[in-house]
Amino acid sequence: MQQRPAIKTALPRHRYQLSDYSATVLGDIESDDACRYRWILALVPMGSREPTLYVCCQQVAPERAGSGAYDLRVVSDAVTDVVDTADRWGDLETFSEQALDLACQVLGLKHEMAVKLM
């Protein structure tokens, strides 16, 4: 995965069980890459240690801030794409709900329900 977030430290804000995946929403993120992350949803398949999918909320460059303060970006082996830009992604609950929905779409889990663990 080429554009995987280079997370140094982060604090878990929410945890979910989504089919055969553990999903964690991270906040207070420090990274080694150029992005300034507000939130990251990381999905780890059962039996694995490494995430296979990320949904990231990252601050946009100042010259793009007119369309919103945050990009919502999906990162996996198959796709790396900004799917929306808006101020609302800065809210933890709004981000978490949309990130789980995007993860279900990307992973083909449209009929699965996320169970909140934390």
Side-chain angles (χ1 to χ4, degrees):
M1 195 178 319
Q2 290 189 5
Q3 293 186 355
R4 159 190 313 253
I7 301 167
K8 287 180 9 180
T9 63
L11 296 175
R13 297 297 180 187
H14 294 312
R15 291 186 198 275
Y16 300 89
Q17 183 68 43
L18 179 61
S19 184
D20 292 333
Y21 293 85
S22 171
T24 304
V25 177
L26 303 170
D28 298 316
I29 302 158
E30 289 185 37
S31 70
D32 280 335
D33 55 37
C35 296
R36 293 193 48 184
Y37 299 103
R38 172 83 176 183
W39 314 113
I40 295 175
L41 173 70
L43 283 100
V44 179
M46 293 298 171
S48 181
R49 292 180 177 229
E50 292 294 320
T52 57
L53 177 70
Y54 296 93
V55 180
C56 305
C57 172
Q58 57 197 59
Q59 289 183 337
V60 300
E63 61 271 11
R64 291 186 46 236
S67 58
Y70 300 101
D71 280 340
L72 189 64
R73 184 168 61 107
V74 176
V75 179
S76 72
D77 286 331
V79 65
T80 297
D81 199 15
V82 172
V83 295
D84 193 27
T85 302
D87 292 336
R88 69 181 176 271
W89 305 131
D91 176 72
L92 174 60
E93 301 308 322
T94 303
F95 168 78
S96 298
E97 182 178 321
Q98 183 62 41
L100 287 166
D101 185 55
L102 282 170
C104 286
Q105 290 177 37
V106 170
L107 297 170
L109 304 173
K110 294 178 183 164
H111 301 292
E112 297 291 331
M113 294 286 295
V115 177
K116 190 171 185 178
L117 306 173
M118 176 186 114

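Computed from heavy atoms alone, side chains included, the values below leave out hydrogens, waters and symmetry copies.
Following chains of ILVMFWY side-chain contacts shorter than 4.5 Å, one can reach Leu109 starting from Val79, so the two form part of one hydrophobic cluster. Clustering ILVMFWY residues whenever any of their side-chain heavy atoms sit less than 4.5 angstrom apart, transitively, puts Met113 in a cluster other than the one holding Leu100. Hydrophobic clustering places Ile7 together with Tyr37 (ILVMFWY residues linked when any side-chain heavy atoms are closer than 4.5 Å, directly or through intermediates). Linking ILVMFWY residues whenever their side-chain heavy atoms come closer than 4.5 Å, directly or via other members, leaves Leu41 and Val82 in distinct clusters.
Scanning for side chain to side chain contact (heavy atoms under 4.5 Å, CB included) contacts around Val106 gives Leu53, Val74, with sequence neighbours left out. Gln59 pairs by the side-chain hydrogen bond (donor to acceptor under 3.5 Å, both in side chains) definition with Arg36, not counting sequence neighbours. Remark: Ala69 engages Asp87 in a side chain to side chain contact (heavy atoms under 4.5 Å, CB included) (not counting sequence neighbours).
The line from OG of Ser31 to CZ of Arg4 is 13.5 Å long, rounded to the nearest 0.5 Å. We find the CZ-NZ distance between Arg15 and Lys116 to be 12.5 Å, quoted to the nearest 0.5 Å. If you take CG on Leu72 and SG on Cys57, they are separated by 7.0 Å, rounding to the nearest 0.5 Å. Atom CG of Leu43 is separated from atom CD of Glu50 by 13.5 Å, given to the nearest 0.5 angstrom. Taking OH of Tyr54 as the start and CZ of Arg73 as the end, the distance is 11.0 Å to the nearest 0.5 Å. Here Lys110 contributes atom NZ and Cys104 contributes atom SG; the two are 10.0 Å apart, rounded to the nearest 0.5 Å.
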Anything under 3.5 Å between a donor and an acceptor, one on a side chain of residues 17-27, the other on a protein residue two or more places apart or in another chain? List them.
residue, atom, partner, partner atom, Å
Gln17, NE2, Ser19, O, 3.0
Gln17, NE2, Tyr21, O, 3.1

Compile the donor-acceptor pairs under 3.5 Å between side chains in residues 89-98 and protein atoms, sequence neighbours left out, one pair per line.
residue, atom, partner, partner atom, Å
Trp89, NE1, Asp84, OD2, 3.2
Asp91, OD2, Glu93, N, 3.3
Asp91, OD2, Thr94, N, 2.9
Asp91, OD2, Thr94, OG1, 2.8
Glu93, OE1, His14, NE2, 3.4
Glu93, OE2, His14, NE2, 2.9
Ser96, OG, Leu92, O, 2.8

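For the residue pair Val75 and Cys56, the shortest heavy atom distance occurs at CG2-SG, 4.5 Å. Closest of all the heavy-atom pairs between Pro5 and Ile40 is CB-CD1, 3.8 Å.
Hydrophobic side-chain contacts under 4.5 Å tie Met46 to no other Ile, Leu, Val, Met, Phe, Trp or Tyr residue.
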**Message:** Thr9 vs Ile29, test: side-chain contact (heavy atoms from CB on, under 4.5 Å). Steps then yes/no.
**Reply:** CA-CA 6 Å; Thr9 63; Ile29 302 158; over 6 Å; no

